[in-house]
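Just below is one structure, and these are the notes that go with it.
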Amino acid sequence: MKLIVGNQKTYLSQKEINDFVEFFKDKKFENVVIVPTYIYINSFRESCFALGSQDVSISVLENVTGEVTANQLKSLNVQYTLIGHSERRSGFQEGKDILIDKINNLLENDIVPILCIGESSEEREKNIQNEVIEGQISEIFSHLDNTSYDNVVIAYEPIWAIGSGKTPSNVEIEEMINYIKNIVKKDYKVDLKVLYGGSVSSKNISELNKIDIVDGYLIGKASTIKDEFLNIIESSQ
Ligand code: PGA
């Protein structure tokens, strides 16, 4: 069964969240994670979704204004947290040191980090996407305690596919997911779940579902539209 992760970013108001929760109220899923803006996490606590967060503090202290710690996320039953999303890498200068500290804070609280990696359009044009991806994996994994490796999920999200309506071909996705799985198997001796993300929608989901090796999807905009998200979930069961 594929893991479906809906990253709602900053799209929705409280009223829209209420409508969304109401729409999904009688549904039952085992494999769907909702990743709301922090302020709406409580709205989903009794829902059919497992809970995720879009970020976590680098700090573990109790007196850091404006932050949300891993310990607090755990107290809300958050099970997954996005780490290294390209919007945070580029918009908030999050580099490897920050990402490693955040991942360690999550793992200490039994929360699964979903590590987002992906190449830019320039890197794909230069055909250096494999080197870029290998670098993004090793700069993190080489600093984690080896007992932690298999508690991480990877999301492959080419930056040029996020929010653009463009996706790589099935062959390109399959090649990259294979490549990622082989690296972590060879270098870190683990079999990890690898998700695909970037412009997943109800229009392309049946085509994407043909790629058996993909363990699930990280979905942005389409996870904020009720019928669209339900359609994607049902098509991927
Ligand atoms: P998108 O976003 O589905 O809107 O392209 C994906 C993501 O940023 O995780």
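Side-chain atoms of Asn182 come within 3.5 Å of backbone atoms of Asn178 as a donor-acceptor pair (strictly under, hydrogens ignored). The backbone N or O of Asp110 sits nowhere less than 3.5 Å from a side-chain atom of Asn151 that would complete a donor-acceptor pair. Side-chain N or O atoms of Glu67 include none that pairs as donor or acceptor with a backbone N or O of Val64 at under 3.5 Å. Of the possible polar contacts, none joining the Asn109 side chain to the Leu106 backbone as a donor-acceptor pair under 3.5 Å is found. Between the side chain of Gln8 and the main chain of Ser223, a donor-acceptor pair closer than 3.5 Å is present. Side chain of Arg89 to backbone of Gly84: a donor-acceptor contact under 3.5 angstrom is found. Here the side chain of Asn31 pairs a donor or acceptor atom with the backbone of Lys2 at under 3.5 angstrom. When atom types are taken as modelled, the side chain of Glu123 and the backbone of Ser120 share a donor-acceptor pair closer than 3.5 angstrom. Here the side chain of Ser57 pairs no donor or acceptor atom with the backbone of Thr69 at under 3.5 angstrom. In this structure, Gln54 contributes its side chain and Pro36 its backbone to a donor-acceptor pair below 3.5 Å.
For the pair Ile17 and Gln14, the minimum side-chain heavy-atom distance is below 4.5 Å. In this structure, Gln79 and Leu51 have side chains that are not in contact, with every pair of non-hydrogen atoms separated by 4.5 Å or more. Counting only heavy atoms from C-beta outward, the side chains of Glu87 and Lys9 approach each other to under 4.5 Å. A heavy-atom distance below 4.5 Å is found between the side chains of Ile162 and His85. Residues Val35 and Ile114 are not in side-chain contact: their nearest non-hydrogen atoms beyond the backbone lie 4.5 Å or more apart. Between Ser235 and Ser206, the closest side-chain pair of non-hydrogen atoms is not below 4.5 Å. Taking the side chain as every heavy atom from C-beta outward, Leu195 and Tyr156 never approach each other to under 4.5 Å. Two residues are said to be in side-chain contact when any heavy atoms from C-beta on lie closer than 4.5 Å; Tyr196 and Pro168 meet this criterion.
Other residues, nucleotides and ligands contribute at most 12 non-hydrogen atoms within 6.0 Å of the CD atom of Glu30. Within a 6.0 Å sphere centred on NZ of Lys27, heavy atoms belonging to other residues, nucleotides or ligands number more than 12.
In terms of hydrophobic clustering, with Ile, Leu, Val, Met, Phe, Trp and Tyr side chains grouped at heavy-atom distances under 4.5 Å, Tyr38 and Phe20 are assigned to a common cluster. When the side chains of ILVMFWY residues are joined at heavy-atom separations under 4.5 Å, either directly or via intervening members, Leu99 and Val5 end up in two distinct hydrophobic clusters. Transitive grouping of hydrophobic side chains (ILVMFWY, heavy atoms separated by less than 4.5 Å) brings Ile205 and Ile219 into a common cluster. A single hydrophobic cluster is not seen to contain both Leu3 and Ile173; linkage of ILVMFWY side chains at heavy-atom distances under 4.5 Å, directly or through other members, places them apart. Under the 4.5 Å side-chain heavy-atom criterion for ILVMFWY residues, a single connected hydrophobic cluster contains both Met176 and Val194.
Considering CG of Asn42 and CZ of Arg45, their distance stands at 5.5 Å, rounded to 0.5 Å. Separating the CG atom in Leu73 from the OG atom in Ser53 is a distance of 4.5 Å, to the nearest 0.5 Å.
Salt bridge annotation for Glu46-Lys25: absent, with no cationic side-chain nitrogen under 4.0 angstrom from a carboxylate oxygen.
Shown are Ile140, Thr81, Leu107; of these, the side chain to side chain contact (heavy atoms under 4.5 Å, CB included) with Pro113 is made only by Leu107. Ile137 pairs in a side chain to side chain contact (heavy atoms under 4.5 Å, CB included) with only one of the listed residues (Val132, Leu192, Ile117), which is Ile117. In summary, of the residues considered (Asp191, Asp187, Asp215), a salt bridge (Lys or Arg N to Asp or Glu O under 4.0 Å) with Lys181 occurs for Asp215 alone.
The two residues Leu12 and Tyr40 come nearest to each other via the heavy atoms O-OH, 2.9 Å. The shortest non-hydrogen separation linking Asn105 to Ala70 is O-CB, 3.4 Å. Contact detail for Leu61 and Ser59: the closest heavy-atom pair is N-OG, 3.0 Å. Across every non-hydrogen atom of Ser199 and Thr167, the tightest pair is O-CG2, 3.8 Å.
Taking the six-membered ring wherever Trp is involved, the centroid distance between the rings of Tyr188 and Tyr149 falls below 6.0 Å.
A cation-pi contact, defined as under 6.0 Å to the ring centre and within 45° of the axis, is absent between Lys28 and Phe24.
Side-chain N/O atoms of Trp160 and Glu119 include a donor and acceptor closer than 3.5 Å. When only modelled atom types and interatomic distance are considered, Glu16 and Asn18 share no side-chain donor-acceptor pair under 3.5 Å. There is a side-chain donor-acceptor pair under 3.5 Å between Glu134 and Tyr179.
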Problem set entry | Working for salt bridge (charged side-chain N to carboxylate O under 4.0 Å, His left out), residues Lys102 and Glu94 | CA-CA 10 Å; Lys102 287 184 173 185; Glu94 292 199 358; 2.7 Å; yes
